[in-house]
There are 2 protein chains.
Amino acid sequence: MQDVARLAGVSTITVSRVLRQPEKVKPETRDRVQAAVQALGYVPDLIAGSLSSRESRQVAAIVSTLAGSIFASTVEGLAQTLREQGHQLLLGTSEYSAASEEQLIATALSRRPDGLVLTSGDHTPRARRMLADAGIPVVEVWDIPEAPFDMAAGFSNVEAGRAITQFLVETGRRRIGFIGGQHEGDQRGRLRHQGYATALKEAGLGEPRSIADSTIVSMVERGARNLAMLMDRWPDTDAIFCASDSVALGALSEARRRGIAVPERLAVAGFGDFEFAGDFGLGLTTVRIPGRAMGAAAGRLILDRKRGAPGMVKIVDLGFEIVRRGSA
Amino acid sequence: MQDVARLAGVSTITVSRVLRQPEKVKPETRDRVQAAVQALGYVPDLIAGSLSSRESRQVAAIVSTLAGSIFASTVEGLAQTLREQGHQLLLGTSEYSAASEEQLIATALSRRPDGLVLTSGDHTPRARRMLADAGIPVVEVWDIPEAPFDMAAGFSNVEAGRAITQFLVETGRRRIGFIGGQHEGDQRGRLRHQGYATALKEAGLGEPRSIADSTIVSMVERGARNLAMLMDRWPDTDAIFCASDSVALGALSEARRRGIAVPERLAVAGFGDFEFAGDFGLGLTTVRIPGRAMGAAAGRLILDRKRGAPGMVKIVDLGFEIVRRGSA
DNA sequence: CTCGGAAATGATATCGATACCATAGTTCGT
DNA sequence: ACGAACTATGGTATCGATATCATTTCCGAG
């Protein structure tokens with residue numbers, strides 16, 4: 001920066017101003033400085049800048065996983081929103097473990113991010129304390145927790161599970177099953193199941209028919225095997241709600257293998273509206289989640305808070321949408 | 001840090017040592033310092049640390065997109081490798097534009113990362129100059145470029161396209177088509193097509209039959225529509241190689257709609273081995289790419305170089321694998 | 001008991017920017 | 001023509017750690 005200043009015949013602070021608040025510098029001085037920046041190929045050091053200004057212009061995000069197309073679009077939406085507003089994304093993946101989430105939070109905080117985005121779920125007490133001590137905006141994305149830590153951007157898994165089950169009821173189905181299964185420590189499947197069970201009870205449709213075998217790692221395989229188990233146990237089942245589209249894919253394959261007609265004999269509903277679910281693919285009836293929008297909203301919440309926007313919203317419910325296709 | 005030092009009755013530099021090189025501090029002093037750290041909930045400031053030590057312990061990655069399950073696993077593999085070795089990941093998404101890649105490189109470099117991971121492809125001249133000036137390890141992932149900028153971890157799209165086409169030939173197919181289409185600025189589809197064309201020529205099978213309509217945004221829809229176009233134009237086609245599994249999914253759906261028996265009448269091969277391609281899903285014959293491994297390898301290349309490992313490998317070819325399933 | 005050398009610890013300068021306050025130059029109203 | 005109120009620019013301290021070199025402590029051989 002000194003080199004640039006010398007070449008432009010100004011002081012370092014003026015160079016800094018040209019880069020950060022150009023409108024405060026006289027146009028011709030500005031041009032001279034910018035020319036010097038170009039000529040020297042000067043790249044400012046944000047590490048030093050952050051230390052000095054006490055704002056890092058980075059936001060950390062900690063997600064369970066990027067694979068399986070679950071959080072990828074959320075992270076992408078977040079990254080883009082941040083970028084548009086001059087911020088950067090620091091990413092960590094916790095692999096569905098609350099312990100490693102705690103670890104990641106600690107290292108993320110040591111970068112002094114201006115905000116933190118977490119996938120909602122269990123956080124250890126220590127993690128919560130660290131977050132509180134850090135005093136930065138925190139957004140939980142995906143499921144909106146009953147008692148958010150700070151802010152939240154997402155939807156209600158319970159409501160979504162309830163809605164899709166109600167949809168199946170409305171289309172005339174009466175013996176509705178559920179297949180899914182949750183990762184340990186991941187309560188999403190559980191919440192969707194809860195919505196399903198509630199809807200059944202509300203419609204007076206008897207006991208839930210649920211299979212949630214978590215011994216199988218692949219979601220698709222789990223869908224296939226669990227459908228088999230479910231149909232063996234309750235052969236008259238006329239609809240199933242699958243905890244994710246991947247599970248639904250496995251179920252659809254198994255149904256075809258067994259010669260069960262979909263949707264005539266069995267309606268299949270998924271969750272997530274993954275790429276393969278569309279009309280030109282599986283034609284799967286499913287629940288569409290605003291993946292990208294949740295990330296973008298999280299970014300906005302953090303940046304608005306940072307700017308000190310008054311009377312701020314803390315919870316953004318982006319809802320969900322039932323997409324009817326051929327399978328139900 | 002001063003508070004911790006005072007509480008432990010040592011100087012700040014000793015606190016720093018306890019955190020960074022514990023073995024250089026006498027065990028009892030170390031315990032005292034660690035107790036103080038705990039008691040005060042002290043979280044070191046890596047921004048200051050980075051400025052002082054001139055190493056940031058972060059690695060930046062710039063990928064075109066996270067959606068579509070293409071790069072997500074690579075990023076995840078990278079994040080994990082870095083984490084295991086005490087480094088963090090700074091992520092940017094360029095949305096398939098070389099111009100915004102350039103922009104992202106500039107902002108990434110201003111964080112003074114210890115290394116940079118890029119998806120291979122076109123880089124602007126300015127981008128290349130910035131990278132050269134930065135003097136940090138750079139790894140290109142996915143396709144191994146003919147002239148890598150610095151290091152590379154990936155596989156050959158051309159070879160993979162050639163191999164899967166050869167596989168189709170070996171299984172008795174003679175009139176093999178290609179459907180795909182590339183994003184502008186993304187040469188992956190083009191390279192795969194090149195391998196396909198080479199294999200055809202080597203087998204003496206006449207001219208390529210390719211449809212690559214890029215007007216359609218969704219890959220799945222593109223697969224469906226392009227298969228339709230291809231079969232209309234060359235009705236006797238007995239196999240197709242799709243530039244990605246998503247395209248193959250669309251093609252499979254369209255084939256079913258038209259009553260074309262797969263694989264009897266038409267063999268379908270995809271690319272990528274996405275989640276839905278497996279035996280419990282589509283049962284798609286495809287090319288498996290070492291997504292996670294490429295990320296992990298990229299991380300290792302950077303960290304090894306940082307450690308100054310001598311006689312280093314610069315190119316890691318992780319190959320690919322043809323997975324035969326029911327569709328071909 | 002003494003001395004050499006290793007182990008443990010500390011004092012101070014420094015990394016590269018920005019905050020804060022001061023100063024010089026400019027505009028304009030009366 | 002003069003001072004008020006801006007605008008444009010600069011000097012210096014500072015952010016919170018670590019590098020470097022200096023100093024002290026400790027240990028065992030002779």
Side-chain angles (χ1 to χ4, degrees), chain A residues 1-34 36-37 40-58 86 88 106-107 109-114 133-136 306, chain B residues 1-34 36-37 40-58 86 88 106-107 109-114 133-136 306:
Chain A
M1 196 164 178
Q2 289 207 350
D3 298 342
V4 174
R6 201 172 306 129
L7 181 58
V10 297
S11 70
T12 59
I13 185 68
T14 299
V15 176
S16 172
R17 282 200 192 96
V18 169
L19 267 33
R20 304 247 299 160
Q21 320 167 58
E23 73 286 355
K24 294 200 139 191
V25 178
K26 203 203 300 183
E28 63 186 57
T29 311
R30 195 193 306 159
D31 293 345
R32 210 146 25 93
V33 171
Q34 276 161 347
V37 166
L40 298 176
Y42 166 68
V43 177
D45 186 328
L46 277 184
I47 291 183
S50 298
L51 179 60
S52 180
S53 67
R54 314 173 97 352
E55 59 152 347
S56 63
R57 280 178 282 164
Q58 7 181 52
Q88 279 171 280
T107 54
L109 288 180
S110 62
R111 294 273 175 213
R112 302 290 186 263
D114 293 336
D133 290 350
I136 56 174
K306 196 179 154 188
Chain B
M1 196 162 177
Q2 289 206 351
D3 297 343
V4 173
R6 202 173 306 127
L7 181 59
V10 297
S11 71
T12 58
I13 185 68
T14 299
V15 175
S16 172
R17 281 200 192 97
V18 169
L19 267 33
R20 302 247 300 161
Q21 322 167 53
E23 74 285 356
K24 293 199 138 191
V25 178
K26 205 204 296 182
E28 64 187 56
T29 311
R30 194 192 307 160
D31 293 345
R32 209 148 24 94
V33 171
Q34 275 160 349
V37 166
L40 298 176
Y42 166 67
V43 178
D45 185 327
L46 277 184
I47 291 183
S50 298
L51 179 60
S52 181
S53 68
R54 321 178 85 356
E55 59 152 346
S56 63
R57 280 178 281 165
Q58 336 186 81
Q88 278 169 281
T107 55
L109 288 179
S110 62
R111 294 275 174 208
R112 300 291 186 263
D114 293 336
D133 290 350
I136 56 175
K306 195 179 154 188

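Just so you know, these numbers use all the heavy atoms, side chains as well, and skip hydrogens, waters and symmetry mates. In what follows, every chain begins at residue 1, and chains take the letters A, B, ... in the order their sequences are listed.
Atom CG in L19(A) sits roughly 16 Å away from atom P in dG16(C) (whole-Å rounding). Note: CD (E55(B)) to P (dA17(D)) measures 16 Å, nearest angstrom. A straight line from CZ of R20(A) to P of dC20(C) spans 12 Å, rounded to a whole angstrom. One can place CG of D31(B) at 15 Å from C1' of dA8(C), the figure rounded to the nearest angstrom. Between the C1' atom of dT20(D) and the CD atom of Q21(B) lies a distance of 13 Å, rounded to the nearest Å. Put simply, CG on L51(A) is 6 Å from C1' on dG16(D), counting in whole angstrom units. Taking atom CE of residue M1(A) and atom C1' of nucleotide dA19(C), one finds them 13 Å apart after rounding to whole Å.
A salt bridge is absent between E55(A) and R112(A); no separation between the charged side-chain nitrogens and carboxylate oxygens falls under 4.0 Å. Taking the charged nitrogens against the carboxylate oxygens, R57(A) and D114(A) have no contact shorter than 4.0 Å, which rules out a salt bridge.
Residue E23(A) places its CD atom among more than 12 non-hydrogen atoms of other residues, nucleotides or ligands, all under 6.0 Å distant. Atom CD of Q21(A) has more than 12 heavy atoms from other residues, nucleotides or ligands within 6.0 Å.
A side-chain N or O of Q88(B) and one of R111(A) form a donor-acceptor pair less than 3.5 Å apart.
Between the side chain of S52(A) and the backbone N or O of A48(A), no donor-acceptor pair lies under 3.5 Å. Under the 3.5 Å distance criterion, the side-chain polar atoms of S53(B) are matched with a main-chain donor or acceptor of G49(B). Using a distance-only test at 3.5 Å, with no hydrogens or angles considered, no donor-acceptor pair links the side chain of R17(B) to the main chain of V25(B).
A heavy atom closer than 4.0 Å to some atom of DNA chain D occurs in Y42(B), P44(B), D45(B), A48(B), G49(B), these being the qualifying members of residues 42-49 of chain B.
Here the shortest heavy-atom pairing between P113(A) and S56(A) reads CA-OG, 3.4 Å.
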Quick one: what's the B/S/- string for nucleotides 5-12 of chain D, heavy-atom cutoff under 4.0 Å, read 5' to 3'?
---SBBB-
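Summary of the strand contacts: S52(B) and V15(A) both lie near DNA chain C, and taking for each the nucleotide with the nearest heavy atom, the more 5' one is attributed to S52(B).
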